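Here the structure comes first, spelled out in structure tokens, and everything after it is commentary.
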Amino acid sequence: MPDNQDHDTPDDLDHDTTPPANRSLLTIAGVLLFLPIVALMWVGSFAKIEPKLAGFPVLHLVPVPVGLPLLRMHLLRIPARRQGAPAPTDDLRRPQGRGGRPMNTIALTAADTHTGVNGVALGVLIALFLLVTVMGFMASKWRKVDMESLDEWGLGGRTFGTWVTWFLLGGDLYTAYTFIAVPAAMFALGAVNGFFAVPYTIVLYPIIFIFMSRLWSVSHRHGFVTTADFVGSRYGSRGLSLAIAVTGILATMPYIALQLVGIQAVLEVTGLGGSGSVIAKDLPLFIAFAVLAAYTYSSGLRAPAIIAFVKDGLIYLVIIVAVVYLPSKVGGWDHIFSAAQDKMASPSKANPAKPTGAFIPGSQQYWAYATLALGSALALFMYPHSITATLSSKSRNTIRRNAAILPAYSFLLGLLALLGWVAIAAGTKPIGLDGTANPQLVVPQLFEDMFPSWFAGVAFAAIAIGALVPAAIMAIAAANLFTRNIYREWFKPSATPAEEAKVGKRVSLIVKLVALVFVLTMDKQNAINFQLLGGIWILQTFPAIVFGLYTRWFHRWALLAGWAVGMVYGTIAAYNVLSPATGQHFGGSLALIPVLAQMGYIALTAFVINVIVGVVLTFGLQALKTPVGTDATIKGDYFADEGDPRVRPLDEGIHLVGPSA
């Protein structure tokens, strides 16, 4: 294992590998990285009906068809309606579909009469699903390596370059949550609940550009597989390491569940499942689950890395075609935005005294929008699956390059979110096979209503595969945490790498099974809140991980206490939020912020409380001169790169010995 005994005194620290700091350049870079965060948190600057950039409406940047027959129609539909003015109702606003009927009528009729299986779409879906299944099983032969270690099975041998990492992270971060829950939230509740995902993925990348390369370096130097490995070695605390591991596993469960909800939505729209006995209703989901479990078990992280190429290619194809083609079929972007504004302003069915949702966040919703975006951005790369995909890359520069090019997915996400409003203009009725309305079906139903069956099948495959890739990575990441930081650290310190790999494979199956139970027992109408609930928990690990990359000032016991307070507060606050539709607990992730009396993201409020507790207790514990624990890292570790001569094959896990807490 890495040799840390060569650096016993401060004078022996390896400062030679620490590059000299150019403070002027760092200041400029810091300002440039900070600007987009400030700009996107200043919600009032762009929460307007007609936002403009250099005098031009921003919405002109949205791609539209420019074919000559459609050019005049789009020029007539540039969004310019006065705020509060009623939407025109002339026939020009209702494009004619097949047979001369209004398009909304066609969508309604399709939704009302669709009770059978869409054979063509299902056939295309099955064909592409079988393709990626074969790729998943064949991935174990990629580079012909031995899969009997966590380094190979759980991190792909840490050999992925820029493009493999880009596809892997894209497949990991932009999930069924992107395809299903975001447009569904836009369709059902509007901008605050759905569109916040766009600024949050923009704010995210400057944040990870700053700290993620340091985490990669220290993990590369010491052979860390998880963030709990790093925390345990940095603070000399088994208890804090265990807290990070348990939180990561706990937060991952609803996230995997969200991916399975995406697969379930696609299967239901194609006519499979949705009614009948429990076995018949969910049999297709069980089959998809079994396939996912099998190729993850055999091929580890290499399976989703290979499949991500197909998944991302399908996503780009489907979304670009959708945003170019669909507006021409429903009356142009002006009609789309007008229809969405009218729906959001209409009385809510759950509470007629309130509007259905928010077309543009009002001044009372700025805090909710901004805190959801910022809190989600801080939380995303604390998730085990994000860390796993990052640590699988071969160099720190690979991480930085990806922080620069991953925003291409954010552009795609913005277009995808608008499909929720396209569905409103199209009159899409997301009715499940059991006869009840389900907003999670809106995008699959929109594609089935508006596209030929073969292309609808391609879109369904993109969604299903878009769920399989991240679900596989999440299960692997959770298994890594359990194996390294619970099984080995607490139960069998002498476990060999082969034993670790065997336990990890088995735990990955259990994790997916628990997520499946999550899906079958919880309220699917609030699928987006599954992920947000996990965000409440995972954000409480941020101080121990990210602060620890830069300083050892915080006391380990103070960090543990702050984590506990944040977890308890966040969970109780989330439990007290009732779903407006069902009255069930855990119905949302917004609550009043103490002192400010504004609605905000519970996770960010809990995070602030977490940090305050950590700071106050650190001062107290330092004054009492309590043991601070042994730091197994040195300054140069945080700048190690590919080919560092100090890195050796890790024959033993990160097992903390000696006094720890």
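Everything quoted here is computed from the prediction, not taken from an experiment. All values below come from the heavy atoms of this structure, side chains included, with hydrogens, waters and symmetry mates left out. In what follows, residues are counted from 1 in the order of the sequence shown.
For the side chain to side chain contact (heavy atoms under 4.5 Å, CB included) test, residues two or more places apart in sequence or in another chain that qualify with R506 are K502. The side chain to side chain donor-acceptor pair (under 3.5 Å) search around T571 returns W537, not counting sequence neighbours. In terms of the side chain to side chain contact (heavy atoms under 4.5 Å, CB included) criterion, residue partners of A471 (sequence neighbours excluded) are, by chain and number, I256, Q259, L292. A search for side chain to side chain donor-acceptor pair (under 3.5 Å) contacts involving S217 returns R396, not counting sequence neighbours. Partners of W163 by ring pair (Phe, Tyr, Trp, His ring centres under 6.0 Å), not counting sequence neighbours, listed by chain and number: W166. Listed by chain and residue number, nothing satisfies the ring pair (Phe, Tyr, Trp, His ring centres under 6.0 Å) test with F482 (two or more places apart in sequence, or in another chain). Partners of T390 under the side chain to side chain contact (heavy atoms under 4.5 Å, CB included) rule, at least two apart in sequence or in another chain, are L169, M212, F381, I399. Partners of W563 by ring pair (Phe, Tyr, Trp, His ring centres under 6.0 Å), not counting sequence neighbours: none found. In this view, R401 and T162 satisfy the side chain to side chain donor-acceptor pair (under 3.5 Å) rule, not counting sequence neighbours. Applying the side chain to side chain contact (heavy atoms under 4.5 Å, CB included) criterion to V246, with sequence neighbours excluded, gives L242, I486. In this view, S219 satisfies the side chain to side chain donor-acceptor pair (under 3.5 Å) rule with no residue, not counting sequence neighbours.
A donor-acceptor pair is defined here as one N or O able to donate and one able to accept, closer than 3.5 Å; such a pair exists between the side chain of R214 and the backbone of L549. S508 places a side-chain N or O within 3.5 Å of a backbone atom of K505 that can act as its donor or acceptor partner. A distance-only check finds no donor-acceptor pair linking the side chain of E500 to the backbone of T496 [under 3.5 Å]. For S299 (side chain) and T296 (main-chain N/O), no donor-acceptor pair under 3.5 Å exists by modelled atom type. Under the 3.5 Å distance criterion, the side-chain polar atoms of T165 are matched with a main-chain donor or acceptor of G161. The closest donor-acceptor contact from the side chain of T270 to the backbone of L122 lies at 3.5 Å or more, if one exists at all. Judged purely by atom type and a 3.5 angstrom limit, R302 uses its side chain to pair as donor or acceptor with the backbone of G156. Proximity of a side-chain donor or acceptor of W153 to a complementary backbone N or O of Y297 within less than 3.5 Å is detected.
In this structure, CZ in F129 is found 11.5 Å from CG in L131, a value given to the nearest 0.5 Å. Atom CG of L267 is separated from atom CG of L125 by 6.5 Å, given to the nearest 0.5 angstrom. In this structure, CZ on F211 lies 7.0 Å from CD1 on I208, to the nearest 0.5 angstrom. To the nearest 0.5 Å, atoms CG (N485) and CG (N480) are separated by 9.0 Å. How far CD1 of I536 is from CD1 of I602: 4.5 Å, rounded to the nearest 0.5 Å. Here the straight-line distance linking atom CG of D172 with atom OG of S386 works out to 5.0 Å at 0.5 Å rounding.
Counting all heavy atoms, side chain and backbone alike, G154 lies closest to L301 at O-CD2, 3.8 Å. Nearest heavy-atom pair, V507 versus A479, reported as atom, atom and distance to 0.1 Å: CG1-CA, 3.8 Å. Closest approach of P199 to A373, counting heavy atoms only: CG-CB, 4.2 Å. When all heavy atoms of S410 and T201 are compared, the closest pair comes out as OG-OG1, 3.2 Å.
With contacts defined as side-chain heavy-atom distances shorter than 4.5 Å, the pair V182/L416 does not qualify. Here the side chains of L326 and L446 are in contact, with some heavy-atom distance below 4.5 Å. Side-chain contact between T226 and T388 is absent, with no heavy atoms from C-beta onward closer than 4.5 Å. By the 4.5 Å heavy-atom criterion applied to side chains, M567 and L250 are counted as neighbours. The shortest distance between side-chain heavy atoms of L413 and I319 does not fall below 4.5 Å. Contact of the F451 side chain with the Y325 side chain is registered, since non-hydrogen atoms from C-beta on lie closer than 4.5 Å. Side chains of I473 and I476 form no contact here, defined as non-hydrogen atoms less than 4.5 Å apart. Side-chain contact check for L168 versus S392: some heavy-atom pair is nearer than 4.5 Å.
Ring orientation note: the planes of F224 and H222 are close to parallel, at an angle under 30° on the 30°/60° scale.
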Criterion side-chain contact (heavy atoms from CB on, under 4.5 Å) on V458 and F447, from CA distance to verdict: CA-CA 10 Å; V458 173; F447 285 148; over 6 Å; no
Worked verdict on Y487 versus F491 for ring pair (Phe, Tyr, Trp, His ring centres under 6.0 Å): CA-CA 5 Å; Y487 173 74; F491 296 105; 7.1 Å; no
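A side-chain donor from one of Y638 and T633 sits under 3.5 Å from a side-chain acceptor of the other. Judged by distance alone, the side chains of T398 and S393 never bring a donor and an acceptor atom under 3.5 Å apart.
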Distance-only criterion, 3.5 Å: show the donor-acceptor pairs between side-chain atoms of residues 306-314 and protein atoms not counting sequence neighbours.
{"from": "K311", "atom 1": "NZ", "to": "G170", "atom 2": "O", "distance (Å)": "3.3"}
{"from": "K311", "atom 1": "NZ", "to": "Y174", "atom 2": "O", "distance (Å)": "2.5"}
{"from": "D312", "atom 1": "OD2", "to": "Y409", "atom 2": "OH", "distance (Å)": "2.5"}

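Electrostatic pairing of E499 and R488 does not count as a salt bridge here, judged by no charged N lying under 4.0 Å from a carboxylate O.
Put simply, the residue from V218, I387, I244 that forms a side-chain contact (heavy atoms from CB on, under 4.5 Å) with F230 is V218.
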